[in-house]
Every structure is written in C-alpha cells, then in structure tokens.
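Heads up, the thing below is written out as structure tokens.
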Amino acid sequence: RLSSKYNYTGFRFVEHPLQQVKRVDVNNGETIKIGSFGVHSYEKSSNEIYNLAKLVDIKGVKNIELVTVGVSSGTFEYDLSPNVSHICRGFLNSSLIPKNEFLAQVQALDFALFFSGDDEKYDLIPSGVFADCIAFELPIISLYNSKMEHFFKKHGAIGILCKSVDEMADA
C-alpha cells in the first residue's frame, strides 16, 4: 500500500509479532459475548456498535451480550445504548488498567468486532487488536476492508467478513 501510494519500492515490512497464548474459555455459555476491544475511536468507526445493538434488538436475537473492552480516544462516547456494556471504560492515557485484567476481559469474548471500513488512512496502521485475536484464537466479525481481506487470506477462516453492519447483525 505504501509503495503504490508514494511510488517508492524500497519499503521494508516487519510483521506485527503474534503472541503464543493458550486461550482460556471463561464464558458461562449462557450468552454469546461479542465485543470490540482496545482503543475505541471515531476513526475506527467504534460507534457502529450502537447501530449493531439496535439491529440485533430489532431482529429479536436473544442471548447476545454486546460489550466494549478498553478506552476511548476521546472521540468515542459511552452509554449511547442500554444494550451495550462498557468494560474498562475511560480515556486513553488517563484510565488504563493492568494488562492482565484487560486480557482477562478480552478472553471472556466469544467474538471480536471490527468496524473499520475501507479507510485508506487507517489501512496503514497496524492492529494490535488483530494480533491479540490471532493469539487468543478469538474469531472475528468484521466489516470488509482490504486489510482484513489480506489477513483472512493469510491466516485462513478466522471469522466473518461483512459488507454492512446489517450483515454483522445477521452473522
């Protein structure tokens, strides 16, 4: 992407290292816990979780818990839907929690949500959240973007790519 954007072929690429972590299933099995985690922001379209909550409610889907785990960059607002729980809420650089507590909450998820669309700017930013999903063998439900398409081709059937938030609700 950089080579085509800047007409330069000398870039070197270092892949984000993937941890080797044994996934611990901590969910009680009564509900499916689906959520986004990390830093929530306007740029990542994190607010789409509220549209997803509305669609899941309209479709009458039961036994689903939608959550966010992490902090806001300052551009994501909490509590815009009673159908979305926020764990580890706060703002970047002022409300970080211990890593082991954060990772325990991530391991409680059954699926991870990615709302970033095909935004060229965000496409050039590496995703630690994606690396955590691979490490924890946490399946993904994501809006389609070229970066996710690349990851799905590289790592195999790691979840579901959707064309819209409505398709995410169906998934």
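Any value given below was found using the heavy atoms of this structure, including those in side chains, with hydrogens, waters and symmetry copies removed.
- Residue S116 comes nearest to N145 through the heavy atom pair O-ND2, 2.8 Å, listed as atom of the first residue, atom of the second, then distance.
- The same ILVMFWY cluster, assembled from side-chain heavy atoms under 4.5 Å apart, contains both L80 and I34.
- In plain terms, the two heavy atoms of A108 and K33 that are nearest each other are O-CD, 3.4 Å.
- With hydrogens and angles disregarded, a donor-acceptor distance shorter than 3.5 Å links the side chain of S164 to the backbone of E167.
- Placement of V61 and I49 within a single hydrophobic cluster is found when ILVMFWY residues are connected by side-chain heavy-atom separations under 4.5 Å, directly or transitively.
- Taking the six-membered ring where tryptophan is involved, the planes of F76 and Y78 are perpendicular, since the angle between them exceeds 60° and thus also 30°.
- Shortest non-hydrogen contact noted between V165 and L143 is N-CD2, 3.7 Å.
- Between the side chains of H86 and T68, at least one donor-acceptor pair of N or O atoms lies under 3.5 Å.
- Legend: salt bridge (charged side-chain N to carboxylate O under 4.0 Å, His left out) pairs involving residues 68-78, not counting sequence neighbours: none detected.
- With respect to the salt-bridge test (charged N to carboxylate O, under 4.0 angstrom), the residues D166 and K59 qualify.
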**Request:** Take H155 and F130 through the test ring-ring contact (aromatic ring centres under 6.0 Å, His included) and record every step on the way to the result.
**Result:** CA-CA 11 Å; H155 295 287; F130 179 82; 5.7 Å; yes
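- S142 contributes no side-chain N or O that, together with a main-chain N or O of Y144, makes up a donor-acceptor pair within less than 3.5 Å.
- Evaluation of the side chain to side chain contact (heavy atoms under 4.5 Å, CB included) rule for S41 yields E43, K44, S73, T75 as partners, not counting sequence neighbours.
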